[in-house]
Structures are given as C-alpha cells and as structure tokens.
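Not measured: the values here are computed from a predicted model.
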Amino acid sequence: MSAIIIDGESVAGKIRTQLIEEINALKKKGFCPHLKAVQVGENASSRLYVQNQQKQCEAIGIKYTLDELPADTKEAALVEHIKKLNNDTQVTGIILQMPLPEGIDAKRVQTLIAPHKDVEGMNPANMGELVYGNTRLVPCTAMAAVELVKSVGIEIRGKETIIVGRSAIVGKPVSLLMLDLSATPTVCHSGTKDLPAQTRKADILIAAVGKAEMIKGDMIKPGAIVIDVGINRIKELDAQGNPVLNVNGKPKMKTVGDVEFTKAKEVASYITPVPGGVGPVTVVMLLRNTVEALKMSANL
Ligand code: NDP
C-alpha cells in the first residue's frame with residue numbers, strides 16, 4: 001500500500017480562499033485587519049520571514065507593517081513598545097519576530113502581547129482558553145497539524161492519536177485540539193519508555209520532535225494518518241553514503257521531517273511531506289489568527 005500524500009499547499013489554498021471572502025466581508029463593514037510585526041536588530045532569517053509574511057498578508061487583504069527597533073534596544077523599551085501597540089486601536093494583531101538580541105527574555109515579552117492581539121496564540125490566557133475548548137487563537141503549527149488531519153475527511157472521534165513531542169508551541173496544544181475533537185490522544189516525549197510500542201498504536205500519528213527521520217517505517221501502524229511537523233536540515237548522501245557536494249565543494253543540504261518518509265509512505269494511508277505539508281498550512285494559520293484577532297478586538 002502506498003499512502004496518499006496530503007498536499008499542504010492545496011489545504012492552505014482552500015483556507016486562504018475562505019479568508020479572502022471573510023476579509024472582504026469585514027472590510028464592507030468597515031473593519032480591516034492590520035498585523036504589526038516587531039523586529040529588534042538585523043537578522044537575515046528573520047528579515048526573510050518578515051518579507052514572506054508581508055507578501056502573504058497583502059495577497060489576501062491584510063494590512064502589514066513593520067516596526068524595526070535598534071539592536072541595542074533594552075527589554076524595558078521593547079515592553080513599552082508592545083504596550084503601546086496593545087493600546088493602538090489601528091493595530092489588530094502583533095507578531096514579535098524571533099530571534100531577539102541576547103539579554104531580552106523572549107518568552108516574557110511575548111506573553112505581554114494582549115491576548116486579543118496574540119496572533120501566535122502564545123499568551124497564557126489563550127493557552128488557558130484552549131483548555132476550555134475555545135480555539136480562536138491557538139499556536140499556528142498546532143492548528144496546522146490538526147487542519148491537515150481534518151483535511152483527510154475521516155471520523156476523528158475515538159481515534160487513537162499519538163503525539164510525539166510536548167512543546168508548548170506544538171505537542172501540548174495539538175493534544176488539546178485532538179481531545180476537543182474527541183480523539184484519544186497520548187503525548188510522548190523523551191521520557192516515554194517504549195516509543196515504538198506507542199507509535200504502533202496510532203490511528204493518527206503526529207510527530208513534532210525535531211530529530212531527522214526518527215520515526216521509522218516499522219514504528220507506524222498500517223493505515224495510519226501521519227502528520228510530520230518536523231523540519232530538519234541534513235546532508236544529502238549519495239548511493240554509497242557519502243555527502244553530495246555543491247558547486248562550492250560544500251555538502252549539499254536537504255530538508256527532512258521527523259518521519260522516515262520513504263518507508264512510512266508504504267505503511268500509512270495518508271502522510272504529509274516535508275517540505276510541503278505542515279509548513280504552508282502554518283503560514284495560513286497565522287493569517288487566520290490575524291482575522292480572528294480582528295474579530296475579537298471588534299467583538300464580532
Ligand atoms: P521542541 O524541541 O520544543 O520539542 C521537541 C519535543 O520532542 C520535546 O517534547 C522532546 O521531549 C521530544 N523528544 C525529543 N527527543 C525525543 C525522543 N527521542 N523520543 C520522544 N520524544 C522526544 O521542538 P518544537 O515542538 O518546537 O518543534 C518540533 C519540530 O517541529 C522541529 O523540527 C521544528 O523545527 C518543527 N516545527 C515546524 C514548524 C512548521 O511550521 N512546520 C513550526 C514549529 C516547529 P522532552 O520534552 O522530554 O524534551
């Protein structure tokens with residue numbers, strides 16, 4: 001059996017189309033979502049994220065602006081800036097770009113973003129809402145993983161769901177979202193005694209570990225739905241197991257997930273690829289959260 005590959009771009013595209021309709025309707029009522037990004041100092045990867053976010057937002061009608069603060073900004077000044085944005089009625093969502101310079105407690109500052117503007121769903125108040133089944137602002141990657149499960153169209157109720165990884169941004173919120181859908185989730189982590197025994201029980205397996213191809217094909221139950229959240233950069237090897245070199249003589253790198261894709265796809269019924277699975281849906285969840293944040297601000 002060869003699994004159906006779940007196309008993240010296609011799932012993201014459908015959600016994007018719904019969002020465009022929703023944003024147009026909001027604009028007709030006089031509401032416009034405005035996402036404010038805050039970046040401290042110069043960072044090449046963060047700049048790339050910002051450019052991509054801006055493109056994604058503007059393509060569907062979300063206003064996107066960037067506040068660039070100097071690299072020597074102190075935590076107190078950044079906190080003041082966030083508080084100012086919290087009170088700015090023209091700003092409906094705030095995203096703090098990572099990484100922040102050394103000496104700034106990123107987690108502390110992030111939790112100071114007002115809950116109704118917290119498009120990354122990281123504020124403890126929004127995490128708490130999730131426990132109560134309110135899924136309006138949930139961490140984007142967790143929501144993306146669950147959207148991909150839903151896209152398969154199977155009955156989720158009662159499904160044995162194994163989540164590998166218990167981070168606050170992925171594993172924990174995924175477990176609560178799946179519980180809310182009446183699946184039976186189990187969360188595994190580095191202290192789990194017999195991981196293969198757990199994963200082999202999974203009707204739905206969600207891997208968020210950050211270890212390249214750690215979940216082997218023989219750890220997957222035949223017919224399982226496999227959602228691979230992992231993003232890992234590894235050296236590309238030739239048939240003899242030697243690194244493939246690029247034109248500069250440096251090892252060629254490739255991106256793989258936490259699941260051994262080639263073997264897993266022969267066992268699973270559905271599987272997400274890396275790249276092209278969770279990633280594109282995560283981006284669109286940020287857009288959806290931005291629209292939700294506007295609706296929360298406007299009491300809609
Ligand atoms: P974290 O490092 O925060 O968490 C990893 C989790 O994996 C931890 O709970 C850890 O357990 C668990 N773990 C580590 N080793 C093992 C093991 N041998 N057996 C069982 N569990 C283990 O990672 P994140 O949740 O932030 O990210 C996970 C992956 O998802 C990464 O590859 C990351 O790049 C990717 N990611 C992808 C996104 C996307 O948009 N597609 C967005 C965000 C992340 P313990 O808690 O005990 O240490």
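Using a distance-only test at 3.5 Å, with no hydrogens or angles considered, no donor-acceptor pair links the side chain of K117 to the main chain of I113. At least one donor-acceptor pair closer than 3.5 Å links the side chain of S269 to the backbone N or O of G223. Between the side chain of H116 and the main chain of A293, no donor-acceptor pair closer than 3.5 Å is present. Between the T73 side chain and the L78 main chain, no donor and acceptor come within less than 3.5 Å of each other. A distance-only check finds a donor-acceptor pair linking the side chain of N86 to the backbone of A114 [under 3.5 Å]. In this structure a side-chain-to-backbone donor-acceptor pair under 3.5 Å is missing from R233 to V256. A donor-acceptor contact shorter than 3.5 Å is absent between the side chain of E236 and the backbone of K252. Judged by distance alone, with hydrogens and angles left aside, the side-chain atoms of N123 form no donor-acceptor pair with the main-chain N or O of D118 at under 3.5 Å. The backbone N or O of L195 lies less than 3.5 Å from no partner atom in the side chain of T192, so there is not a single donor-acceptor pair. N87 contributes a side-chain N or O that, together with a main-chain N or O of K83, makes up a donor-acceptor pair within less than 3.5 Å.
In this model, no donor atom of one side chain and acceptor atom of the other lie less than 3.5 Å apart for Y49 and Q97.
At a threshold of 4.0 Å, the pair E160-K221 does not count as salt-bridged, since none of the basic side-chain nitrogens sits closer than that to a carboxylate oxygen. Look at E75 and R108 and you find a salt bridge, because one of the NZ, NE, NH1 or NH2 atoms lies within 4.0 Å of a carboxylate O, short of that distance. Classification of E147 and R288 as a salt-bridged pair holds, one side-chain N sitting under 4.0 Å from a carboxylate O. Under 4.0 Å is where a charged nitrogen must lie from a carboxylate oxygen, and between K36 and D67 at least one such pair does. Between R136 and E129 there is no salt bridge, since no side-chain N of the basic residue sits under 4.0 Å from a carboxylate O of the acidic one.
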Could you walk me through whether S46 and M98 pass the side-chain contact (heavy atoms from CB on, under 4.5 Å) check?
CA-CA 7 Å; S46 164; M98 300 295 160; over 6 Å; no
Passes side-chain contact (heavy atoms from CB on, under 4.5 Å), D228 versus F261? Steps please.
CA-CA 9 Å; D228 190 351; F261 183 79; 5.9 Å; no
Evaluate side-chain contact (heavy atoms from CB on, under 4.5 Å) for I6 paired with V149, printing each intermediate quantity in order.
CA-CA 9 Å; I6 308 174; V149 174; over 6 Å; no
Residue pair V259, E213: steps toward the side-chain contact (heavy atoms from CB on, under 4.5 Å) verdict
CA-CA 4 Å; V259 177; E213 300 179 329; over 6 Å; no
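With contacts defined as side-chain heavy-atom distances shorter than 4.5 Å, the pair I225/D203 does not qualify. A 4.5 Å side-chain heavy-atom check between V226 and T272 finds every atom pair outside the cut-off. Side-chain contact check for T255 versus V274: some heavy-atom pair is nearer than 4.5 Å. D258 places none of its side-chain heavy atoms less than 4.5 Å from the side chain of V229. Looking at I23 and P33, their side chains come closer than 4.5 Å, going by heavy atoms from C-beta outward. Side-chain contact between T141 and V174 is absent, with no heavy-atom pair separated by less than 4.5 Å. Counting heavy atoms from C-beta on, the side chains of I82 and V109 come closer than 4.5 Å. In this structure, M122 and T111 have side chains that are not in contact, with every pair of non-hydrogen atoms separated by 4.5 Å or more.
The heavy-atom pair separating P251 from N246 by the smallest distance is O-ND2, 4.4 Å. C32 and K63 make their closest contact through SG-CB, 4.4 Å (heavy atoms, listed as atom of the first residue, atom of the second, distance). Minimum heavy-atom separation, N232 to G257: ND2-O, 3.0 Å. The shortest non-hydrogen separation linking Q53 to Y64 is OE1-OH, 2.6 Å. Here the closest heavy-atom approach between residue E9 and residue P280 is recorded as OE2-CG, 3.6 Å. Residues P173 and V138 approach most closely at CB-CG1, 4.3 Å, considering heavy atoms.
The structure places CD1 of I204 at 12.0 Å from CG of L148, a figure rounded to the nearest 0.5 Å. Between atom CG of residue N52 and atom CZ of residue R47 there is a gap of 14.0 Å, rounded to the nearest 0.5 Å. Atom OG1 of T290 and atom CD1 of I62 lie 5.0 Å apart (nearest 0.5 Å). Summarising the geometry, atom CG belonging to L287 is positioned 12.5 Å from atom CD belonging to Q18; distances are rounded to the nearest 0.5 Å. In this structure, the separation between CE on M178 and OG1 on T186 is 11.5 Å, given to the nearest 0.5 Å. Of the inter-residue distances, the one linking L66 atom CG with E68 atom CD reads 4.5 Å to the nearest 0.5 angstrom.
By the 6.0 Å contact criterion, NZ on K201 is enclosed, its count of non-hydrogen atoms from other residues, nucleotides or ligands being greater than 12. Open room surrounds CD on Q90; 12 or fewer heavy atoms of other groups in view lie less than 6.0 Å from it.
I169 and V187 fall within a single hydrophobic cluster, where Ile, Leu, Val, Met, Phe, Trp and Tyr are joined by side-chain heavy atoms under 4.5 Å apart, directly or via other members. Linking ILVMFWY residues whenever their side-chain heavy atoms come closer than 4.5 Å, directly or via other members, places L181 and L176 in the same cluster. Cluster annotation: Y270 and V11 are assigned to the same hydrophobic cluster (Ile/Leu/Val/Met/Phe/Trp/Tyr, side-chain heavy-atom contacts under 4.5 Å, transitive). If you chain together hydrophobic residues whose side chains sit under 4.5 Å apart, M296 and V91 never meet in one group. Note: the hydrophobic cluster containing I20 also contains L294 (ILVMFWY, side chain heavy atoms under 4.5 Å, direct or indirect links).
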